[in-house]
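A quick write-up on the structure given underneath.
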Number of protein chains: 2
Amino acid sequence: MENFSEIQKTKIFAEISEFDMQALAYCLKIKFRNYNKNDTIIAQGQPVEDVVMLLKGGAKLENIDPFGDISLITKFKAGDIYGVENGFMGETTYKDTLTATENCLVMLMNRHRLLTPCENKCKRHDIIVRHLVQMVIERNYELTEKLKLLSKKNIKEKVLAYLQAQSKKAGSLYFDIPYNKTELANYLSVDRSALSTTLSRLREEGLIDFDKKHYHIKKG
Amino acid sequence: MENFSEIQKTKIFAEISEFDMQALAYCLKIKFRNYNKNDTIIAQGQPVEDVVMLLKGGAKLENIDPFGDISLITKFKAGDIYGVENGFMGETTYKDTLTATENCLVMLMNRHRLLTPCENKCKRHDIIVRHLVQMVIERNYELTEKLKLLSKKNIKEKVLAYLQAQSKKAGSLYFDIPYNKTELANYLSVDRSALSTTLSRLREEGLIDFDKKHYHIKKG
DNA sequence: CTCAAAATGTTGTAAAAACAACACAATTTC
DNA sequence: GAAATTGTGTTGTTTTTACAACATTTTGAG
């Protein structure tokens with residue numbers, strides 16, 4: 001089956017055999033798209049058609065507000081999914097923009113079919129639903145984490161909280177983050193140069209050290 | 001059945017008959033608790049035991065960070081639920097504090113049973129799961145909305161974006177919000193007096209008007 | 001490897017927000 | 001209904017952030 005090796009690598013479809021996937025592909029009306037770096041995968045404002053899953057490559061999810069300010073919501077990696085909430089909440093247009101940061105392979109799935117377990121041959125559909133729920137809950141959790149960061153009252157606390165969360169996630173005081181400085185500023189919704197100053201001061205104070213995307217927290 | 005009239009009013013259990021609810025209550029090991037105003041319903045750091053649903057009264061959900069700063073996450077009304085994500089994400093302790101703002105009736109449900117449709121007599125369990133998924137997705141949507149607010153770069157934009165969202169939700173340029181000024185400042189993670197100044201200036205400029213919790217947006 | 005583009009750190013300045021203190025209004029409690 | 005508590009708007013001060021401009025480094029494309 002087309003692209004099955006990539007599909008199999010994703011958490012949501014990992015348990016599905018190639019045979020079952022055939023039926024599922026039909027049921028979900030699966031389609032594939034290739035994108036080059038910097039291509040727009042989903043454009044904000046476009047009518048909601050499908051749920052999108054990134055199979056290969058990388059992308060960034062951004063939101064543009066009415067003033068034209070762009071904010072980085074998160075980076076996408078293989079297996080990440082967009083559009084479940086949109087469809088479910090009865091939105092008629094996509095609320096964010098998904099842009100390829102490298103060459104990508106993307107899988108499109110029919111949003112109506114996805115969340116409704118059917119009585120058809122595709123007997124594995126219930127597994128997909130369960131995984132989707134898991135993913136939405138995880139996403140919910142991540143959103144809550146980010147919300148806590150943005151609730152901090154100054155840049156220093158935002159950065160430290162972010163780094164501590166990443167450190168905890170990595171299970172080490174030495175860890176890499178997915179963002180460069182410019183992206184991190186954007187992610188935390190702060191000015192880039194102010195972030196740069198703050199990071200320098202934190203290094204000065206001996207609280208942290210860093211190089212490129214690699215960081216080290218020195219004190220608890 | 002005990003408290004059935006209250007249970008029936010909640011979206012999640014609305015379709016369930018009293019008879020089916022009996023079986024479900026047994027399956028989910030439902031328990032009830034009464035709380036007085038200012039009582040702690042869930043304490044941050046406590047071991048995760050149950051999923052909690054507010055049946056009657058009001059409550060507020062807050063988070064206390066390591067520095068001791070408290071931030072208001074949201075207000076709870078009847079039918080609102082807490083603890084689904086916690087349990088599902090394998091957290092062993094509650095991450096937030098839920099406090100009664102009025103006298104409350106609360107329903108506790110076993111978190112392990114809740115999300116796993118069973119083969120028992122309680123044949124309506126699948127409906128509950130579907131509603132839960134809906135609620136998690138809605139919550140996800142709300143979190144994303146709040147995230148967009150907190151990403152705005154100054155108080156004026158935060159407030160305007162919040163009021164516009166509330167206006168849209170109410171379907172009118174005249175609407176009530178659930179927060180007083182102090183709570184709103186807390187919700188938006190800004191200083192109360194700075195918020196007060198901003199609101200006054202916006203009124204001065206003729207963009208909005210307000211009285212207590214009632215607001216009016218004058219220009220689009 | 002070379003050159004253009006993008007990212008980074010630094011600095012000074014202007015703007016915004018936090019903080020603190022206060023008087024007064026509104027609400028709650030007894 | 002009186003007293004105590006909580007909420008609100010205002011003001012001045014201090015701190016923090018955004019903004020802008022720049023030199024330097026790093027990255028990426030051809």
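Residue numbers begin at 1 in each chain, while the letters A, B, ... track the order of the sequences. If you're wondering where the values come from, they're calculated on a predicted model, not measured in any experiment.
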Discussion item. Taking side-chain hydrogen bond (donor to acceptor under 3.5 Å, both in side chains) as the cut-off, I'd like each qualifying pair that reaches into residues 38-55 of chain B, sequence neighbours left out, listed once.
Written reply: none
Discussion item. From CG of A/L72 over to P of C/dA7, roughly how many Å is that when rounded to an integer?
Written reply: 12 Å
Discussion item. Can you measure B/L188 atom CG to C/dA17 atom C1' for me and round it to whole angstrom units?
Written reply: 14 Å
Item to complete: List in chain and number order the residues that pass ring-ring contact (aromatic ring centres under 6.0 Å, His included) with B/Y179, two or more places apart in sequence or in another chain; answer none if no residue qualifies.
Response: B/Y187
Practice prompt. Grab the CG-P distance between B/L160 and C/dA16 for me, whole Å please.
Written response: 14 Å
Worksheet item: For residues 164-175 of chain A, which residue pairs qualify under salt bridge (charged side-chain N to carboxylate O under 4.0 Å, His left out), counting only residues two or more places apart or in two chains?
Response: none
Worksheet, complete the sentence: Outermost contacting nts on DNA chain D, any atom under 4.0 Å from chain B heavy atoms, listed 5' then 3', are D/dG7 to D/dC19
Practice prompt. Given side chain to side chain donor-acceptor pair (under 3.5 Å), test A/Y82 with A/D96 step by step and report yes or no.
Written response: CA-CA 10 Å; A/Y82 182 78; A/D96 307 289; 2.7 Å; yes
Worksheet item: Can you tell me if A/E85 and B/N140 form a side-chain donor-acceptor pair at under 3.5 Å?
Response: yes
Worksheet item: Contact class for A/K213 vs. all strands (heavy atom < 4.0 Å): base, sugar-phosphate, or nothing?
Response: nothing
Discussion item. Counting C-beta onward and ignoring hydrogens, is there a side-chain heavy-atom pair between A/N34 and A/N103 closer than 4.5 Å?
Written reply: no
Worksheet, complete the sentence: In numerical order, the residues of residues 174-187 of chain B whose heavy atoms come under 4.0 Å of DNA chain C are none
Discussion item. Base contacts versus sugar-phosphate-only contacts with protein, heavy atoms under 4.0 Å: please encode nucleotides 18-27 of chain C as B, S and - from 5' to 3'.
Written reply: SBB-----SS
Item to complete: Using whole Å, report how far CZ of A/R203 lies from C1' of C/dG9.
Response: 10 Å
Worksheet item: Which part of the nucleic acid, if any, lies within reach of A/S196 when heavy atoms closer than 4.0 Å are counted: base, sugar-phosphate only, or nothing?
Response: base
Worksheet item: Distance from A/K31 atom NZ to A/E2 atom CD, nearest 0.5 Å?
Response: 13.0 Å
Fill in: Backbone N/O of B/L163 and side chain of B/S167: donor-acceptor pair under 3.5 Å
no
Item to complete: Decide yes or no for B/L105 and B/Y35: does some side-chain heavy atom of the first lie under 4.5 Å from some side-chain heavy atom of the second?
Response: no
Worksheet entry | Pair B/D209, B/H216: side-chain N/O donor-acceptor within cut-off below 3.5 Å | no
Worksheet entry | B/K181 atom NZ, over 12 foreign heavy atoms within 6.0 Å | yes
